[in-house]
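Because only heavy atoms are used, hydrogens play no part in the values below, and waters and symmetry mates are left out as well, while side chains stay in. This one's a predicted model, so the numbers in the text were calculated from it and none came from an experiment.
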Amino acid sequence: MSNPPDLRPDLARAVLRDDARPGQPKIGMVSLGCPKALVDSERILTRLRAEGYAISADYAGADAVIVNTCGFLDSAKAESLEAIGEALSENGKVIVTGCLGAEPEFITGVHPSVLAVTGPQQYEQVLDAVHGAVPPAPDPFVDLLPASGVSLTPRHYSYLKISEGCNHHCKFCIIPAMRGRLASRPAHAVLREAEKLVEAGVKELLVISQDTSAYGVDVRHATTEGHRAHITDLARDLGSLGAWVRLHYVYPYPHVRELIPLMAEGLILPYLDIPFQHAHPDTLRRMARPAAAAKTLDEIAAWRRDAPDITLRSTFIVGYPGETDAEFQTLLDWLDEAQLDRVGCFQYENVAGAAANALPDHVPDEVKQERWDRFMEKAQAISEAKLAAKVGSRLDVIVDAVDEDGAVCRTKADAPEIDGNLFIDEGFEALAPGDIVTVEVDEASEYDLWGRLSAE
């Protein structure tokens with residue numbers, strides 16, 4: 001997943017209101033990486049707002065800029081370094097945090113003039129750095145913080161992070177080294193945050209973590225204030241709030257099947273985002289991931305039997321070290337059988353500190369590209385056929401944006417920023433972001449739908 005592009009401070013005027021009082025210190029924020037990092041950015045900004053800082057929508061208006069970095073892949077590191085350099089050029093006072101902050105020498109070696117470097121989730125250190133660069137000047141009679149805190153997403157949807165860290169040791173990943181082991185939030189605290197978001201007008205809760213289905217394992221599924229820290233119980237509790245509830249990063253444990261009845265009942269959206277990564281057992285073993293791809297097909301069949309409307313999203317890696325032509329063909333054949341609705345694919349990259357770097361038989365770049373092209377061609381054909389089958393159906397959609405040309409919406413099968421859209425280009429004038437309406441689908445492409453408001 002990637003964050004909305006308008007979170008850059010030079011582009012974010014539509015998201016962040018520049019309403020500082022005279023003399024109020026102002027901080028800018030560049031938020032890179034995944035939605036989990038976006039939630040960290042929101043927490044930092046909420047704390048700063050509570051201390052009397054205003055949030056700047058551009059570089060020039062900020063007294064300092066925080067860059068929340070991503071360090072998962074070399075390409076992400078390069079993007080983070082570029083963003084830091086841009087912030088230094090445009091503003092001059094830059095504080096770096098986030099996953100790349102776990103390697104401070106890497107950052108200061110390229111940008112020695114940054115004011116401070118902190119790692120992921122180190123909120124107090126970020127605040128200390130801001131205090132040192134721009135002392136707070138709060139006015140308790142003026143600086144009021146909304147009950148829901150500072151949000152970097154549109155008002156009608158919000159990410160809800162339920163845990164930090166991860167207990168897996170996938171050889172291509174360094175997230176556990178950067179963010180630590182699984183640390184689940186108390187269930188009552190998650191539910192309280194969700195309740196506040198819904199009360200503030202949020203219509204869709206996007207549940208995120210590094211391993212959503214492992215939620216509560218570290219605390220032995222403890223019950224606090226009447227709420228049990230288990231993903232099935234949490235999903236049921238969240239489903240009672242009346243908002244759409246969408247689950248991301250669901251590792252395919254056996255107990256995931258317990259979520260399917262909640263989808264069939266309509267308590268949570270019939271949508272699972274599961275990172276399968278590959279299908280050949282030997283490739284999966286080299287990744288240090290579960291290698292039962294055949295059983296996974298059985299599980300998928302059972303999910304679809306019990307919740308026929310379920311949408312399955314996944315991501316895969318091609319060109320992993322040692323991947324043979326036969327292993328890649330197994331992946332293509334598996335995708336043919338699985339018929340996943342939403343699919344993303346990455347070409348393998350070395351990541352500094354990852355165990356996969358030391359594996360033998362790295363795949364040449366041109367072979368990775370060729371396999372990626374073939375994989376995406378098949379995935380696109382599956383998506384096109386599945387969307388074509390929806391023409392003529394009636395679907396509930398949530399409106400994301402409205403302009404003079406039409407309304408941009410999403411169905412229950414579409415997560416923001418990563419999946420497709422449904423467009424309405426007639427009779428949309430009365431719609432507003434956050435509305436949930438019923439449409440009749442009358443056209444489809446490879447990834448998107450078009451429709452008109454239902455007369456019923």
Looking at Glu370, I want to see if its CD is surrounded by more than 12 non-hydrogen atoms of other residues, nucleotides or ligands under 6.0 Å.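 Yes, CD of Glu370 has more than 12 neighbouring heavy atoms, counting only those of other groups under 6.0 Å.
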
Crowding at CD, Glu377 (>12 non-hydrogen neighbours, <6.0 Å):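 It does not: Glu377 CD has 12 such atoms or fewer within range.
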
Just one of Asp309, Leu449, Val437 clears the side-chain contact (heavy atoms from CB on, under 4.5 Å) bar with Leu395, so which one?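 Checked Asp309, Leu449, Val437 against Leu395; only one passes side-chain contact (heavy atoms from CB on, under 4.5 Å): Leu449.
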
Asp365: which residues meet the salt bridge (Lys or Arg N to Asp or Glu O under 4.0 Å) condition with it, sequence neighbours left out?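 Testing Asp365 for salt bridge (Lys or Arg N to Asp or Glu O under 4.0 Å), a comparison that skips the adjacent residues, returns Lys368.
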
Going through the checks in order, is the side-chain hydrogen bond (donor to acceptor under 3.5 Å, both in side chains) test met by Thr69 and Ser80? CA-CA 5 Å; Thr69 59; Ser80 293; 4.7 Å; no

Are the side chains of [X] and [Y] in touch, meaning some heavy atoms are under 4.5 Å apart?
X	Y	answer
Met29	Ile55	no
Asp211	Tyr253	yes
Met287	Phe172	yes

Both conditions, 6.0 Å and 45 degrees, for the charged tip of Arg374 above the ring of Phe328: are they met here?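 Because its charged atom misses either the 6.0 Å distance or the 45° angle limit, Arg374 does not stack over Phe328.
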
Scan Tyr348, Trp372, Phe346 and name whichever one has a ring pair (Phe, Tyr, Trp, His ring centres under 6.0 Å) with Tyr320.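 Testing each of Tyr348, Trp372, Phe346 against Tyr320, the sole residue satisfying ring pair (Phe, Tyr, Trp, His ring centres under 6.0 Å) is Tyr348.
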
Between [X] and [Y], how do the two ring planes meet: parallel, tilted or perpendicular, split at 30° and 60°?
X	Y	answer
Tyr159	Tyr157	perpendicular
Phe316	Phe375	tilted
Phe423	Trp450	tilted

Please determine, by modelled atom types, if Tyr123 and Arg47 share a side-chain donor-acceptor pair under 3.5 angstrom.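 No donor-acceptor contact under 3.5 Å links the two side chains.
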
Can you tell me how far the CG atom of Leu182 sits from the OH atom of Tyr215, to the nearest 0.5 Å?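 Nearest 0.5 Å value for the CG-OH distance: 10.0 Å.
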
How long is the gap from CG on Leu269 to NZ on Lys412, to the nearest 0.5 Å?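 Rounded to the nearest 0.5 Å, the CG-NZ separation comes to 6.5 Å.
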
How far apart are the closest heavy atoms of Lys161 and Lys36, and which atoms are they?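 Looks like NZ-O, 3.2 Å.
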
Heavy-atom pair of closest approach, residues Pro252 and Ile274: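 Scanning both residues, the minimum pair turns out to be CD-CG2, 3.8 Å.
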
